[in-house]
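Note that the coordinates shown come from a computational prediction; the quantities given were computed from them, not determined experimentally. The figures here come from the full heavy-atom set of this structure, side chains too, leaving out hydrogens, waters and symmetry mates.
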Amino acid sequence: MTAPLAASPAPPGGGRNLQAIRGMHDLLPAQVGTWQRLEDTARQVLEGYGYAEIRTPIVEVTELFKRSIGEVTDIVEKEMYSFADRNGDSLSLRPEGTASCVRAVIENGLLNQSQRLWYRGPMFRHERPQRGRYRQFHQIGVEVFGLAGPDIDLEVILLTARLWRALGLTGLRLEINSLGDAAERAAYREELVCYLDGYRDRLDADSQRRLATNPLRVLDSKSPETQAIIAAAPTLMDHLGAQTQEHFAVIRAGLDAAAVPYCVNPRLVRGLDYYNRTVFEWITDDLGAQGTVCAGGRYDGLVAQLGGCDTTAVGFALGIERLVELMELTGGRATPPLDAYFVAVGEWAQREAPLLAERLRDAAPGVRLMTHCGGGSFKSQFKRADKSGARYALVIGDSELERGVIGVKSLREEAEQRELSLPETADLLAARQDAS
């Protein structure tokens, strides 16, 4: 048997309070309800389209992200949490979900047929924490493998639009673009570099560096002077071939037919190296500078790049923290209220209340019922019941137990207290659940 650990002596001066790592936050009970509503709604919408959930490890070999995201991206160069494990292997906390999902479908032999997959979980990037950007953040993502046509690109965009409606979110705008295939991008890249070279000295420092490594990312620059230069730059649209243009036209026609407003943004390139053809972002103006809440597109070459067979793919990821903030701005937190709070007066009642509560939970599955614990006067218990936000207080004492009834008092409406049998109480609570 292991000996108990001795308590560590307090540091001189009483020590300091331990705190969460900067940029990583606790989710408190008052916040979790909104997260659950978002996650549950997303799951229902995704399952309605036939998507299946996949779960992958938080830690992967560093090489996976270098090969997928690109070694000259900010994520790999500056932001990944990487470390050597005891075997000397370089491991990283995942900074995004697509690479892990691709690795999983290759490793587990899932590419013998098309796949519609989704995932959720934490991602990690060592960035400067600010509103809407955290070092541990959470995403819900979708990845589709083995479908090449524009119809699946259209589906994932329409799916996100349906999710916003299900969440009651308005004011999100959709921007789309086409990055073409590899040959089309190569031709455009050459022309873009030639143009930007003429303004090299006026570009911001990051753009000057990207000009030699990933010039399309210069189009993402937030520098006002660089943006002015970009405004007159050649556009990728002028280099798209007939097949790519047709692919993009079908998506646009589908969005028009579905009455989903959008704008074509020829400067939209996304921040990761693996995208081709369709890219899109959903943006809000209500969250300041970090306005993108969902982004994605097509990445047909990534599966082969990571060692799998040649497989077409498309997907997106949405930021849970940003959407939760948007939900709270527009509709308040979504912590579900209690249906009832059990008040028990007297020793007999306090012994019986937990057992009666179990019978009510059996009779009305899903009921949100809290039983008072710790004793206390009737008045103090009733105050707790009211403060809990419950719709009803269920009251029992010796008299109620002798007569086989439960006192039911509405806490949110003006009404006289009633006495109901246990089945009648269960029916009442079940009916309130159905109504909500």
Do the side chains of [X] and [Y] get close enough for a salt bridge, i.e. N-O under 4.0 angstrom?
X    : Y    : result
E175 : R173 : yes
R116 : E155 : yes
E325 : R322 : no

Is it true that a side-chain atom of [X] and a backbone atom of [Y] form a donor plus acceptor pair closer than 3.5 Å?
X    : Y    : result
R267 : A231 : yes
T41  : A166 : no
Q115 : L110 : yes
Q139 : E96  : no
E184 : L179 : no
N87  : D89  : no
Q381 : A344 : yes
Y188 : D238 : no
Q31  : L28  : yes
Y195 : I229 : yes

Test side chain to side chain contact (heavy atoms under 4.5 Å, CB included) applied to R120 and H138, step by step: CA-CA 7 Å; R120 58 183 161 185; H138 299 75; over 6 Å; no

Set out, in order, the CA-CA distance, both residues' side-chain angles and the distance that settles salt bridge (charged side-chain N to carboxylate O under 4.0 Å, His left out) for E358 and R361, then state yes or no. CA-CA 5 Å; E358 289 303 299; R361 293 185 181 103; 2.7 Å; yes

Are any non-hydrogen side-chain atoms of [X] and [Y] less than 4.5 angstrom apart?
X    : Y    : value
L169 : T284 : no
T311 : V102 : no
R252 : V264 : yes
L326 : L172 : yes
C101 : F145 : yes
L46  : R43  : no
L154 : V250 : no
L147 : V314 : no

Applying side chain to side chain contact (heavy atoms under 4.5 Å, CB included), run through L117 and V144 and close with a yes or a no. CA-CA 6 Å; L117 304 173; V144 181; over 6 Å; no

Only one of L338, L394, D339 clears side chain to side chain contact (heavy atoms under 4.5 Å, CB included) with L369; which? L394

Can you label the angle between the F124 ring and the Y81 ring as parallel, tilted or perpendicular, going by 30° and 60°? perpendicular

For A104 and I54, the nearest pair of non-hydrogen atoms, with its separation, is CB-CD1, 4.0 Å

Are more than 12 heavy atoms, taken from residues, nucleotides or ligands other than [X], located less than 6.0 Å from that residue's [atom1] atom?
X    : atom1 : answer
D362 : CG    : yes
R384 : CZ    : no
N112 : CG    : yes
E53  : CD    : yes

Start with the C-alpha distance between D256 and Y262, add both sets of side-chain angles, then the distance that settles side chain to side chain contact (heavy atoms under 4.5 Å, CB included), and finish with yes or no. CA-CA 9 Å; D256 291 337; Y262 65 91; 3.1 Å; yes

Looking at CZ of R391 and CG of L429, how far apart are the two atoms once the value is rounded to the nearest 0.5 Å? 9.5 Å

If we count only N and O atoms by modelled type, under 3.5 Å, do the side chains of E143 and T98 hold a donor and an acceptor together? yes

Among R94, R67, R103, which residue satisfies the salt bridge (Lys or Arg N to Asp or Glu O under 4.0 Å) criterion with E60? R103

Before you tell me yes or no, could you show the steps for S178 and L236 under side chain to side chain contact (heavy atoms under 4.5 Å, CB included), namely the whole-Å CA-CA distance, both residues' side-chain angles and the distance that decides it to 0.1 Å? CA-CA 8 Å; S178 178; L236 183 50; over 6 Å; no

